[in-house]
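See structure below.
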Amino acid sequence: MAKKKFHKLIVRAFWISLIFCIGFTWFYMKRVIPDKLNIVAAEEEQFHFSMPFDVTLHSDSEEVVLNNGSNIPSDQIHLQVNQPFSVYSKNLGSYKLGLKLFGWIQLKDIQVNVVDTKYAVPCGTPVGIYLKANGVMVIGTGDVTKKDGMVVEPAFGVLQSGDYLESINGIPLSDKETLMNELNKIGASEAVLKVRRGDDNIDIKMNPIETEDGSYKLGVWVRDDTQGIGTMTYVDMNGQFGALGHGISDSDTGNVVQITDGSLYETAILGIEKGTFGKPGVMSGIIYYGPGSNLGTIKENTEEGIFGTVNDRFKQGISQDAIPIGYRQDVKKGKAYIRSDVSGKVRDYEIEIQRVDYSTTHKSKGMVIKVTDPDLLALTGGIVQGMSGSPIIQDGKLIGAVTHVFIQDSTRGYGIFIENMINH
C-alpha cells in the first residue's frame with residue numbers, strides 16, 4: 001500500500017515537473033526572443049539568441065534567406081543551443097519568420113523589417129523641456145474646509161490619481177485656471193466632469209464645496225504641465241528628434257504624462273552634484289523660456305522618450321556629423337562611448353557595455369553600461385540625472401541612449417536600443 005502511494009507521488013511529481021518545465025521554457029523563449037528584427041537591405045545580419053533547447057527557424061517568404069554557418073542559404077535552419085545565425089534580404093519590406101520548438105511546436109512569429117541604412121546625428125546636448133498635459137491631470141485628492149468649518153474630502157473614492165479632467169459641464173479644460181474659474185461659476189450646483197481614465201472615458205457628477213474663503217473646490221490636487229532638463233539623443237536627416245530614452249512621468253502619480261504638445265528650450269547647466277552610494281547625482285541648470293530661446297516642438301511623450309521636430313535655431317548649432325543607425329544585432333559587449341555636454345563642451349566618453357538583452361521585454365533597459373572614462377568619473381562620478389538620452393556609439397554607429405542610473409552604483413546604468421526610439 002505504501003509502495004503504491006509512493007509510486008503515485010513520484011508519478012505526480014514527474015508530471016508536475018514536466019508541466020512546469022514546459023511552461024517555463026515557453027515563457028523563457030517568448031521573453032528572450034524579440035517579436036521584431038530590423039535588418040538593412042543587402043547586408044547579411046547576424047543574430048544570437050540564448051536558447052535552452054534546439055529550435056527550427058523558417059522563412060515564410062523567399063525574399064528572406066537564413067544561414068547558420070553551413071554556407072548554404074535556405075528558407076529553414078535548425079538552430080542548436082547558443083548557435084548564431086544570419087538573415088539576409090535584398091528587398092525592402094516586412095516579412096515573417098516562424099520559430100518552432102523541437103522542430104514541431106509553433107512557438108512564435110518574428111516580424112523582419114528590411115530597411116535602408118538610416119543616418120542620424122548623435123547630439124548629447126542638454127535641452128529644456130516643457131510639456132502641456134492633454135487635459136488637467138489629477139495627482140491626488142485632499143481635504144477641503146467648508147464654510148461652516150467642517151473638514152471633508154469630497155473627491156476621495158470618486159477621482160483617482162492619473163485621471164485627466166477633459167471638460168466640466170461641456171467646457172473644455174486645458175489648464176488649472178479654467179477649472180477654478182468654472183467651479184466658481186457653477187457654485188454649489190452639480191458639475192459634470194468628463195474624465196479620461198486609462199483607455200476609458202467616463203462622466204462623473206460632483207457638487208463643488210464652498211470653502212471658508214468663499215471659493216468652490218472639488219478637493220483634488222491637479223497639474224496641467226511639467227518641465228525639466230534632459231539630453232537630446234539624435235536628430236535625423238528630416239529634422240526629427242528623439243530625446244531622453246524614457247518617458248517623462250509625473251512625479252506624484254508615476255504615470256507617463258499624456259500631452260497635447262510641448263516645446264524645447266535653451267538651457268544652461270550651472271552645476272553637477274556627484275552621485276553617492278544610494279543617491280544618484282544630478283545636473284542643475286536653468287531653462288530660458290521665450291520665443292527667442294525655442295529650439296523645437298514636442299509631439300509625443302512615450303515610454304521610449306520624447307519626440308518631435310527641431311527648428312533652424314537648433315540645427316544651426318549642430319556641429320557633429322551624421323552616422324549610421326545600428327540595430328540590436330550590432331550591439332555587443334565591450335568598449336563603446338557616450339556623447340555628452342556635461343563639461344560645457346560636447347565630447348565622447350568611454351564606457352563598457354556589460355550586458356545586452358536582445359529581447360523586447362524591457363524597452364528602456366536593453367543594455368547595462370559602466371562608465372570607465374576617468375574624466376567623466378572625475379566630473380560626475382558616473383551617470384547623473386539629466387544625462388538620460390546621452391547617445392551611445394559603438395563601432396561608428398549610433399546604437400542607443402542612456403536611460404537610468406543604478407542607485408547603488410552611479411558608474412553603472414541602463415541603455416535603450418536606438419531602434420526602440422526610432423520605431424516608437
Requested in this report: Please examine the side chains of M232 and V310, heavy atoms only from C-beta on, and report whether any two atoms are closer than 4.5 Å.
Outcome: yes
Query raised in the report: Which distance, rounded to the nearest 0.5 Å, do you find between the CD of Q320 and the CG of D348?
Result: 8.5 Å
Query - Ion pair check, D341 and R347, cut-off under 4.0 Å - result: no
Query raised in the report: Judged by atom type as modelled, is there a donor-acceptor pair below 3.5 Å linking the side chain of T302 to the main-chain atoms of G305?
Result: yes
Query raised in the report: Between F85 and F47, does the ring centroid distance fall short of 6.0 Å?
Result: yes
Query raised in the report: In a check of side chain to side chain contact (heavy atoms under 4.5 Å, CB included) between L165 and each of V195, D224, I204, which one passes?
Result: V195
Query raised in the report: Just wondering, more than 12 heavy atoms not from E62 lying within 6.0 Å of its CD?
Result: no
Report task. Evaluate side chain to side chain contact (heavy atoms under 4.5 Å, CB included) for Y130 paired with L264, printing each intermediate quantity in order. Result -> CA-CA 7 Å; Y130 174 83; L264 298 176; over 6 Å; no
**Report entry** Step-by-step side chain to side chain donor-acceptor pair (under 3.5 Å) determination, E63 to S89
**Finding:** CA-CA 6 Å; E63 303 292 345; S89 177; 5.2 Å; no
Query raised in the report: So, S86 and E44: side-chain donor and acceptor under 3.5 Å apart, yes or no?
Result: yes
Requested in this report: Go through the side-chain N and O atoms of H404 and S388 and say whether any donor and acceptor fall under 3.5 Å apart.
Outcome: no
Query raised in the report: Under 3.5 Å, is there a donor-acceptor pair linking the side chains of Q111 and S94?
Result: yes
Query raised in the report: Just how far is it from atom CD1 of I351 to atom OG of S390, taken to the nearest 0.5 Å?
Result: 10.0 Å
Requested in this report: Keeping the roles fixed (side chain from D357, backbone from M367), state whether a donor-acceptor pair exists under 3.5 Å.
Outcome: no
Report task. Mind listing the closest non-hydrogen atom pair of I392 and A336 along with its distance? Result -> CG2-CB, 4.3 Å
Requested in this report: Over all heavy atoms of both residues, which pair between E190 and N169 is shortest? Give the atoms and the distance, please.
Outcome: O-ND2, 3.7 Å
Report task. May I ask you to decide whether K299 forms a salt bridge with D261, counting only side-chain N to carboxylate O separations under 4.0 Å? Result -> no
Query raised in the report: What is the distance from atom CG of D373 to atom OH of Y337, rounded to the nearest 0.5 Å?
Result: 9.0 Å
Query - Among N113, V115, I39, the one residue meeting side chain to side chain contact (heavy atoms under 4.5 Å, CB included) with Y327 - result: V115
Requested in this report: Could you grab the distance from atom OH of Y288 to atom OG1 of T267, nearest 0.5 Å is fine?
Outcome: 7.5 Å
Query raised in the report: How about F417 and E304: do any of their side-chain heavy atoms sit closer than 4.5 Å?
Result: no
Query raised in the report: Taking NZ, NE, NH1 and NH2 as the nitrogens, is one of them in K147 or E212 under 4.0 Å from a carboxylate oxygen of the other?
Result: no
Query - Residues T309 and Q240: side-chain donor-acceptor under 3.5 angstrom - result: yes
Query raised in the report: Centroid-to-centroid, F241 to F314, below 6.0 Å?
Result: no
**Report entry** Polar side chain donor-acceptor pair, H424 to E300, under 3.5 angstrom
**Finding:** yes
Report task. Return the minimal non-hydrogen interatomic distance between V40 and V114, and the atom names on each side. Result -> C-CG1, 4.5 Å
Query - Short side-chain to backbone donor-acceptor contact, N181 and E177, under 3.5 Å - result: yes
Query raised in the report: Distance under 6.0 Å and angle within 45° of the ring axis: does R412 meet both against F406?
Result: no
Query raised in the report: Do we see a donor-acceptor contact under 3.5 Å between the side chains of N38 and R328?
Result: no
Query - Any donor-acceptor N/O pair, T231 side chain to G386 backbone, under 3.5 Å - result: yes
Query raised in the report: Judged by modelled atom types alone, do S410 and K274 share a side-chain donor-acceptor pair under 3.5 Å?
Result: no
Report summary line: Taken to the nearest 0.5 Å, the spacing of E153 CD from D143 CG works out to 5.0 Å
Report task. Starting at CG of N184, measure out to CG of L179 and round the result to the nearest 0.5 Å. Result -> 9.5 Å
**Report entry** Donor-acceptor pair between R196 and Q258 side chains, under 3.5 angstrom
**Finding:** yes
Report task. Show the numbers, then the answer: is there a side chain to side chain donor-acceptor pair (under 3.5 Å) between T411 and K370? Result -> CA-CA 6 Å; T411 67; K370 180 179 177 65; 3.1 Å; yes
Query raised in the report: Which atom pair, heavy atoms only, marks the closest approach of M421 to G245?
Result: CE-N, 3.8 Å
Report summary line: On a heavy-atom basis, the closest approach of P154 and I209 is CG-CG1, 3.8 Å
Query - Minimum-distance pair of heavy atoms, taken over all atoms of L398 and P391 - result: CD1-CB, 3.7 Å
Report task. Walk me through it: do V152 and K146 pass the test side chain to side chain contact (heavy atoms under 4.5 Å, CB included)? Result -> CA-CA 7 Å; V152 295; K146 298 173 66 175; 3.8 Å; yes
Query - Donor-acceptor contact present, side-chain T380 to main-chain L376, <3.5 Å - result: yes
Requested in this report: Using only heavy-atom distances, determine whether the side chains of T260 and K132 contain a donor-acceptor pair under 3.5 Å.
Outcome: no
